[in-house]
Each structure stands twice: as C-alpha cells, then as structure tokens.
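Chain naming here is simple, since letters A, B, ... match the order of the sequence lines and numbering starts at 1 in each.
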Amino acid sequence: MRYWWVNHSKTYRQEIDGGYIWSPKRESNGTRSQFYDNLRIAAPGEPIISYAKGNIIDIGRVSDFSFTAMKPTEFGGTGKNWNPEGWLLPVSWSRVAKPIRIDSLILGLRPLLPEKYSPFDRTGRGAQKAYLTEISKIAFDFVSSSSGFDKMLENDFINETRSDEFVVKEENKLEHDLECDESLSTTERYQLILARKGQGIFRKNVASIESMCRITALKTPTLLIASHIKPWRLCSNSLERLDGNNGLLLAPHADLLFDRGYISFDNDGTPIFSGKISENDLMLLGLKRTPLAPPLAFSPKQIPYLDYHRSCVFLL
DNA sequence: GTTTGCGCTCC
DNA sequence: GGAGCGCAAAC
C-alpha cells in the first residue's frame, strides 16, 4: 500500500469534480518526470491527499489503474503548453469536514516528507514541478490524525468510478465529432463508427490477417471479437481505425483484458501478462493453462501497433 | 496579498 | 536531472 499527495495547480476544480487526476506523459520538452510516472504506479485502493491553494480540502482513493487519455476538454485554456497525451488516474474524492490550512501543518509535516520528490520545498512552499508524490505512511497518518479524516477512507471502493466510464465518455465524444465531420463521406463515417465496436470493414480487414484468438486458440467466428491493438479512441486517423494490422481476434474475456492492459504480446507472439493481475485470477479465467495457442510471430505491419500497446496500454 | 508558472542557475 | 531562487502572472 502506497500513500500519495497531489499538488493540483489550476485544474483543482476540474479534477475534483471529475473524479480523477490527469498529467501529461512527458514534460513539454520531452523529458520524463517522476511526478507524471507516478500516475502509472498508483494502484486501486491507495489513498491520496489533495493539496491546492494552500489548503487540504479533499481526500481521495485511487479507484482504478491509470490509462492513456487525452487532456480533458474541461481544462479549456488551462495548461495550454502541456502535452495533450497523458495518464488519467480515476480517484474517488471526498471533502474533509474542515479544510486544513497548510501553514498549521507544515512545521510538523516537513520533517516527515521525503528528501527527494517532496511536494514542498525547504521553505514550505509547494514545490514547483511536483504533481503526484509518494509520501510515507507516517506522513499520511500525521495529516490524517491532525484532521480526523482517517475514517473517511474505510468505505468500500468497489462501486467507485472505473476507467471504463472515462473511456466510454471519451469514445462517445469522439463518435459525435466523427458524425459531424464534413470532411468524411457518409460511408466512411459509418464504417469508423462500426469499427469502434469491432464491426464492419475493420472486422473484415482483421479477419483477413488473423484467424484465431492468440490467447485461447478459440476459432469459432461468432465468439471472436475484433479488438483494436492501438485503441480506437487513440488512433490518429481513419487509416489506423480501419487497418486490419491494428486488430486481433480475441475471445471475449481475452479482449477485455487486452483492452484494459492486463495482457499484451511480444513481437514473436508470446503473450505477456501484467503483474497487476494475479496468477489466481488468470487461472480462474482459464488464461494460464498450458498449452495456450502456439505463439505466432507478428508481421512488420502489426509491430508498430503492438509497440504502442505495450508502452501506452499495458499495465506495468 | 497569496499562490502558481516559468526561466534560469547551480551541483 | 532535481532543487532553489526571483520575478511575473493569475486569482
């Protein structure tokens, strides 16, 4: 169990109301940031303290693993120079009974914060580049006991917002945009929308390249789902959305796990299972039995899509 | 006035 | 690559 602290900047309101935190994947100059990478590390159930404008007003719990998502439209002009591709981490937020001024805590809290990647600088000012920072249990308990929100975290989080809800929202918006896109022909629009569900031309294109589920060896066409390797919502154009090389035929449960990043593949066709899913669950799903489908190497045209899946969808 | 953003420097 | 500083900008 890890404990987290987030320094919201101008997007405090949007993130609390929306039930998430979002960061770019990279700094605007392209370099990595530990504060951004932390969104990939946070796991469901872990607590987060929200800090903004000198106050702790909200406390949250991570409600699902982070996933690749474009900068939320509700940010508007804020964060114009942030990279648009980022991580979205679903968080279930609750308001604390009484907001806490940071000034009343900082003297006691400062010595409990990490030397590196601290959310505050030595003078007690919010650290400029800090976003999501990991704090110790001791630091978390200190804030928690000073403010009496310990029991707010005891409730079950199983019904809280999952990544799927954000994904569906994003897809619906994109679909609406596609319907209104005058630069596309009617049939093209129709096919792109069918492709979202793995139907139409896209499925036909995939079926000409793939013949069975690469996880379960299932071959029955009526049971196989045509799944995008690079997710439909993240494709940059019509070509990627309809390209058969950007698809796999998967059994329904394998499709869901592939979609959510629990499964990916090496270029030689060997399945990779994420450490974020237990061996026992994989066994219960019948995905860890031997022998699986024999690995079949991917073609050079499929590999860029797989690279994308491993780096942007697969759960590390 | 208070908090945040950005560019710069230092190690 | 991370931290600190000063000043500008935003609220």
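- Here ring pair (Phe, Tyr, Trp, His ring centres under 6.0 Å) pairs that include residues 106-132 of chain A, with residues two or more places apart or in two chains, are A:Trp5-A:Phe120, A:Phe35-A:Tyr117, A:Tyr51-A:Phe120.
- Here A:Thr73 pairs with nothing under the side-chain hydrogen bond (donor to acceptor under 3.5 Å, both in side chains) rule; sequence neighbours left out.
- A:Glu85 is linked by a side-chain hydrogen bond (donor to acceptor under 3.5 Å, both in side chains) to A:Lys25, counting only residues two or more places apart in sequence or in another chain.
- Among residues at least two apart or in separate chains, salt bridge (charged side-chain N to carboxylate O under 4.0 Å, His left out) pairs with a member in residues 215-230 of chain A are A:Lys230-A:Glu240.
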Each nucleotide of nucleotides 2-11 of chain B classed B (base within 4.0 Å of a protein heavy atom), S (only sugar-phosphate) or -, in 5' to 3' order, makes -SSBB-----
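- Pairs of residues two or more places apart, or lying in two chains, that qualify as salt bridge (charged side-chain N to carboxylate O under 4.0 Å, His left out) and include a residue from residues 64-77 of chain A are A:Asp64-A:Arg162, A:Asp64-A:Arg260.
- Here the range on DNA chain C touched by chain A, meaning any atom under 4.0 Å from one of its heavy atoms, is C:dG2 to C:dA10.
- Note on ring orientation: taking the six-membered ring where Trp is involved, the planes of A:Phe265 and A:Phe258 are tilted (angle from 30° to 60°).
- If you check residues 111-121 of chain A against DNA chain C, the residues with a heavy atom closer than 4.0 Å are A:Glu115, A:Lys116, A:Tyr117, A:Asp121, listed by number.
- Pairs engaging residues 306-315 of chain A under the salt bridge (charged side-chain N to carboxylate O under 4.0 Å, His left out) rule: A:Asp307-A:Arg310 [sequence neighbours left out].
- Counting only residues at least two apart or on different chains, the salt bridge (charged side-chain N to carboxylate O under 4.0 Å, His left out) pairs with a member in residues 121-141 of chain A are A:Lys137-A:Asp141.
- Taking A:Arg196 as the reference, A:Glu171, A:Asn172, A:Glu175 meet the side-chain hydrogen bond (donor to acceptor under 3.5 Å, both in side chains) condition, with sequence neighbours excluded.
- Under the rule for a salt bridge (charged side-chain N to carboxylate O under 4.0 Å, His left out), the partners of A:Arg13 that lie at least two apart in sequence or sit in another chain are A:Asp17.
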